[in-house]
2 protein chains.
Amino acid sequence: MISRKTKYGLKALSFLAKQESNKPVQISVISEAENISQKFLESILLSLRKAGFLASKKGKGGGYYLLKETRDIPLASIYRILEGPIAMVPCVSLNFYEKCHDCPDEHSCDVHKLMIQVRDNTLSILENTSLQDFIKES
Amino acid sequence: MISRKTKYGLKALSFLAKQESNKPVQISVISEAENISQKFLESILLSLRKAGFLASKKGKGGGYYLLKETRDIPLASIYRILEGPIAMVPCVSLNFYEKCHDCPDEHSCDVHKLMIQVRDNTLSILENTSLQDFIKES
DNA sequence: TGTTTACTCTATTAATCCGATAGGATAAAT
DNA sequence: ATTTATCCTATCGGATTAATAGAGTAAACA
């Protein structure tokens, strides 16, 4: 299961992607439309901005807007920013590798072998689905 | 990422599956071989027993052993028992369905639509990988 | 029958994470 | 200047996780 943070982030990105123009949208607008706590959404959008997917404008008429084309925002990137590693165990993570504390030797671990397969399969979905695909069929 | 509970459970099942005979294996043997806290492993094996995958014998010569054929234990079942829902959001879970608190209407939710696809894809991997497949190539 | 062995069950704990909130700082528009 | 709206840090209660403790139960075996 993904956290609310990730779900909210996806909903907000989808909301922004569906605007006709690229005019900034205020946090309060998104939070009301999508039933998300405004303060919580603030921190989520901030993460997405720091990751380079969104830009913001302060002051009157300000807000958030997409910085990239929707087709250039793969689900995998959003997931990594908001949720963390895509791999099921740290020892097979490409972007967040960590040794498992209980494994003296990864290469002799069945779970390790299995999780590499699961990771590759999951990755192929998440890398090949973009924000565009995902609002397309609404 | 999966919890340690699930990882330990997988390792323990794999360990049992690799025994030649179906003689009971003591918790302490598994916990030492796999570097798992014995007490924690106790509760994990108990869950797997209650779910019908393992059986146990008490007393001398006792321990845990597999109750089903390794090919009849899909990863999906183990995952559901130890980790919980496979779906990324409760509103698309087949076995643990719950309405999302922030969605007045699931059918108009982009995330909902997307997560159905992700779920089906993930499911097809986890349902079609059995404990047998997963120890096979060690 | 009694002792050892090993699973069963409950419950407690420390640490971490999650979701949410508060409030002041900063920057832009008018 | 004043208003608007993002930026940033800090905090909080509650839930979950991983691990531990200890008493209870059942089986084997001498």
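The sequence lines fix the lettering, A, B, ..., with proteins before strands; numbering per chain opens at 1. The analysis underlying the following values was restricted to heavy atoms, covering all of them including side chains, and did not include hydrogens, waters or symmetry mates.
Distance from the side chain of B:Ser37 is smallest to D:dT20 among C:dC9, D:dT20, D:dA18. Checking D:dC8, D:dA19, C:dT8 against the side-chain heavy atoms of A:Lys50 singles out D:dC8 as nearest. The B:Tyr64 side chain lies nearest to C:dC7 when the options are D:dC8, C:dC9, C:dC7.
Proximity of a side-chain donor or acceptor of B:Ser93 to a complementary backbone N or O of B:Val89 within less than 3.5 Å is not detected. A distance-only check finds a donor-acceptor pair linking the side chain of A:Thr129 to the backbone of A:Ile125 [under 3.5 Å].
A sub-4.0 Å separation between OP1 or OP2 of C:dC9 and a side-chain N or O of B:Arg49 is present. Checking the phosphate oxygens (OP1, OP2) of C:dT8, a side-chain nitrogen or oxygen of B:Ser56 falls inside 4.0 Å.
One can place CD of B:Gln38 at 15 Å from P of D:dG22, the figure rounded to the nearest angstrom. A straight line from CD of A:Glu42 to P of C:dA20 spans 14 Å, rounded to a whole angstrom. Atom OH of A:Tyr65 is separated from atom P of D:dT6 by 12 Å (rounded to the nearest Å). Whole-Å rounding puts the A:Leu54 CG to D:dC7 P distance at 10 Å. Between A:Asn35 atom CG and C:dA20 atom C1' the separation is 15 Å, expressed in whole Å. Between the CG atom of B:Leu46 and the P atom of C:dC7 there is a distance of 11 Å, rounded to whole Å. The NZ atom of A:Lys5 sits 10 Å away from the C1' atom of C:dG19 (whole-angstrom rounding). Distance B:Phe40 CZ to C:dT12 C1': 15 Å, rounded to the nearest Å.
Put simply, the side chain of A:Lys39 and the base of C:dG19 share no donor and acceptor less than 3.5 Å apart. The base of C:dC7 lies outside donor-acceptor range of the side chain of B:Gln26, with no N or O pair under 3.5 Å.
The residue among B:Leu45 and A:Tyr8 whose nearest nucleotide of DNA chain C is located toward the 5' end is B:Leu45. Heavy-atom distances to DNA chain C give each of B:Val25 and B:His101 a nearest nucleotide, and the one nearer the 5′ end belongs to B:Val25.
For the side-chain contact (heavy atoms from CB on, under 4.5 Å) test with A:Thr70, the passing option among A:Leu66, A:Asp72, A:Ile73 is A:Leu66; the others fail. Each of B:Arg49, B:Lys57, B:Gln26 was checked for a side-chain contact (heavy atoms from CB on, under 4.5 Å) with B:Tyr64, and the lone residue meeting it is B:Arg49.
Crowding of A:Glu127 atom CD: a count of heavy atoms from other residues, nucleotides or ligands under 6.0 Å exceeding 12.
A heavy atom lying under 4.0 Å from DNA chain D marks none of the residues of residues 83-100 of chain B.
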Q. Taking protein heavy atoms under 4.0 Å as touching, what does nucleotides 24-30 of chain D look like 5' to 3' if B marks base contact, S marks sugar-phosphate-only contact and - marks none?
A. -BSBSS-
